[in-house]
Enquirer: 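Take this structure, written in structure tokens, and hold onto it; I'll ask about it next.
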Amino acid sequence: MAARVGLVTRLPLCPQGRARFLGSLCRHLSHSGAAVLRREEATAVCAELDLQETTKKKTFSEMQKERREQAQRSILISCPKKIPEKKLLKHLCQHGDITNHFFFESFGLHAVIEFSKKESIASLQDASFIPRGETEFPIPFKSRFFHLNLKNPSNQTSDVQCSNQSSPLNANIIKALCNAESVENQINTLMKILQLTEENIRLRYLTCSLIEDIAAAYFPSCTIKPFGSSVNTFGKLGCDLDMFLDLDDIGKNSTTKTEGSFLMEYQVKNVPSERWATQKILGVIGECLDNFGPGCVSVQKILNARCPLVRFSHQASGFQCDLTANNRIAMKSSELLYIYGSLDSRVRALAFSVRCWARQQSLTSSIPGSWLTNFSLTIMVIFFLQKRSPPVIPSLDSLKNLADVKDKCIIDNNDCTFVSNLDRIKPSENTETVDTLLCQFFEYFGNFPFNKNSINIRKGKEQNKPDSSPIYIQNPFEISLNISRNVNESQLERFVHLARESAWILQENKGQSSKTSTEPWGLAALLLPSVPNKSKAKKAGRGQTSEAVKKLLESIKAESTKDPRATRKKTTISTQS
Ligand code: GTP
Ligand code: MG
């Protein structure tokens, strides 16, 4: 009977599917004749269900609020290489209780310390000393980024464990995937390896909070919030940190008066346009970060871009940051993706595989150009999942129909209304496994009529293409815009070609596992560099990419000979051939 309960926990169901299954099991157990499970096992199953039913899923703004508050109680410390963890914590505890801490490496050892109260930070700041060298001059700004000086650093023994903040090497990812049991297992393994860790998310919010401290020196009520893949559930270790400078709260706090004797004198007078004001504000903050921002280097003010921004490296956290302002639609897009990513575990699993595949095949790049972006690819995954029968996720219009009054949102005349409460969205009836979906994704887009149809997640249906761009993905909120207008014909052709080839590889590899293959199989085979050049590489007989693949295969084979299972694997293969 224990085996039956074990089966429940191993069912490859999405959270909703699992909840439905547990629900029917509980109903079954409550019938008098169904005493097949031991009472305590039944209680455990029902308790899990109760937990799932009573744990309300957080809305995007609840999640952001909670994380921001956590970040405001946290500090960043640059530490010497050898640091006695217990002594450090004991010392910091003098200023208040510590609720969480971790260490990481980025241009040296750093620690994030979360106090239970904000006041502890003020106490630490008051107790910190300000260096006064001949070439240093203190500025009147108390930061939450500290530097720890130890009297005898070489005498210290280090006992800290560092949390990993960067994504593993591709070769290691492929090795991990080769050891998986099935393609489904590979897809979930890839997501687990690449997704942002709890510590990485905390560090992202803390970095925004530290930059907010600096911006608040000019604009005291401003907030800086992360958006994009840092918060939309699709972020991968090493992705950039998109920051949104929100000045709107300033207006909200003051009661709007249309008449009266007193007019407030504004710092920026006679603003010619909102864009001009955004450029000026970002210019001022960029200057401030460049001159005084602790840990901020390579500050670039890219103010003439379509969406003006300040780009910089936050050396202490290791993040490449893009600070924008007046960009509320992008924040709404992040919320929409958060909802889709939280609805069904298959959405993220599929998006991680597709995004990683696209990166490995150089279909996407960190440099802007005529290629697809991760954002476009994610929208394509969402569209594909809306198109399944039955759909895995609902259309944006369906999410709009579920919205209540407080969800109403119009930004620059664009309707950005959709439901924020995840519990109001009915779980999907679709039971397809994620490996089937991946293969179908490639087949679907390998044969999509890009020449006449556009991708539209608002309707969840393809529409006639309104212009002649090679690929048209309607912007979900600014509906007259194409988010993939930058993509040229040859990039689209490469995408289609690779999608077909990948669908073919997955079908050919069907049923393979680590037990039956000594070469990369399933998803691992798709992540090998340069699938498209396979035929070309064969003709050429050599080349950089084929060398890289060869080395990788050799290292995997070498690993597998160390493994006692390798003999079994070889036997299986020779009997098959
Ligand atoms: P990464 O590649 O992991 O950084 O993914 P990302 O989703 O963070 O993409 P990126 O940093 O390029 O952009 C940040 C956010 O800006 C996205 O998540 C979207 O919300 C928004 N965004 C990016 N590109 C576009 C676009 O072409 N149109 C619109 N409307 N929004 C975009
Ligand atoms: Mg980003």
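Remember, it's 1-based here, ligands and their atoms both numbered in the order they're listed.
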Enquirer: Heavy-atom contacts with Ala330 under 4.0 Å: which atoms of ligand 1 show up? List them by number with element.
Expert: 20 (O)
Enquirer: Look up atom 28 (N) of ligand 1 and tell me if a protein heavy atom lies less than 4.0 Å from it?
Expert: yes
Enquirer: Students should be able to answer this: which protein heavy-atom is nearest to atom 18 (O) of ligand 1, and at what distance?
Expert: Gly228 CA, 3.3 Å
Enquirer: Apply the salt bridge (Lys or Arg N to Asp or Glu O under 4.0 Å) test between Glu69 and each candidate in Arg73, Arg67, Lys65; give the one that qualifies.
Expert: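 Single pass found, and it is Arg73.
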Enquirer: For atom 12 (O) of ligand 1, is some protein heavy-atom partner under 4.0 Å away?
Expert: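 It does not; no protein heavy atom is within 4.0 Å.
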Enquirer: Protein N, O or S atoms less than 2.8 Å from the Mg ion (ligand 2), ignoring waters?
Expert: Asp240 OD1, Asp242 OD2
Enquirer: State which residues pass ring pair (Phe, Tyr, Trp, His ring centres under 6.0 Å) with Phe102; sequence neighbours excluded, sorted by chain then number.
Expert: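 So Phe102 forms no ring pair (Phe, Tyr, Trp, His ring centres under 6.0 Å) with any residue.
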Enquirer: Any side-chain heavy atom of Ile425 within less than 4.5 Å of one from Ile339?
Expert: yes
Enquirer: Is the closest side-chain heavy-atom distance between Pro391 and Asn430 below 4.5 Å?
Expert: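 No, too far: nothing below the 4.5 Å cut-off.
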Enquirer: Does Thr373 come within less than 4.0 angstrom of ligand 1, counting non-hydrogen atoms of the residue?
Expert: no
Enquirer: Can an N or O of Glu478 be found at a distance shorter than 3.5 Å from an N or O of ligand 1?
Expert: no
Enquirer: Looking at Asp246, Leu337, Asn327, Asp322, which one forms a side chain to side chain contact (heavy atoms under 4.5 Å, CB included) with Phe227?
Expert: Asn327
Enquirer: Would you mind listing which atoms of ligand 1 come within a distance below 4.0 Å of any non-hydrogen atom of Cys239?
Expert: 3 (O)
Enquirer: One thing to verify: whether Glu462 and Lys387 come together as a salt bridge, which I'm taking to mean a side-chain N less than 4.0 angstrom from a carboxylate O.
Expert: yes
Enquirer: What about Asn374: any of its N or O atoms under 3.5 Å from an N or O on ligand 1?
Expert: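 Asn374 vs ligand 1: N/O contact under 3.5 Å present.
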Enquirer: State the atoms of ligand 1, each with its element, that fall below the 4.0 Å cut-off from a heavy-atom position in Asp240.
Expert: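 Counting from 1, the qualifying ligand atoms are 4 (O), 11 (O).
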Enquirer: Are Arg355 and ligand 1 in contact, using a heavy-atom cut-off of under 4.0 Å?
Expert: yes
Enquirer: For residues 233-245, run the donor-acceptor check on the side chains, cut-off 3.5 Å, and write out each pair with its distance to 0.1 Å, sequence neighbours left out.
Expert:
none

Enquirer: Only counting residues at least two apart or in another chain, list the ones meeting salt bridge (charged side-chain N to carboxylate O under 4.0 Å, His left out) with Lys406.
Expert: Asp404
Enquirer: Among all the protein's non-hydrogen atoms, which is closest to atom 14 (C) of ligand 1, and how far away is it?
Expert: Asp242 OD2, 3.4 Å
Enquirer: If we only count heavy atoms from C-beta on, is the Gln72 to Tyr205 side-chain gap below 4.5 Å?
Expert: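 They are not in side-chain contact.
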Enquirer: Phe312 versus Val297: any side-chain heavy-atom pair under 4.5 Å?
Expert: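 The answer is no; the side chains never approach within 4.5 Å.
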Enquirer: Might you confirm whether atom CD of Gln463 has over 12 heavy atoms from other residues, nucleotides or ligands at distances under 6.0 Å?
Expert: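 Atom CD in Gln463 is packed in, count exceeds 12.
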Enquirer: Which residue from Pro368, Ser229, Pro226 reaches closest to atom 8 (O) of ligand 1 through any of its heavy atoms?
Expert: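 Closest candidate by heavy-atom distance is Ser229.
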Enquirer: Below 6.0 angstrom between ring centroids: does that apply to Phe319 and His314?
Expert: no
Enquirer: Atom 30 (N) of ligand 1: which of Ile483, Asn475, Leu337, Ile473 has the nearest heavy atom?
Expert: Asn475
Enquirer: Please compare Phe375, Phe477, Phe227 and report which has the shortest non-hydrogen distance to atom 15 (C) of ligand 1.
Expert: Phe227
Enquirer: Should Arg346 and Ser428 count as side-chain neighbours, where that means a heavy-atom distance under 4.5 Å?
Expert: yes
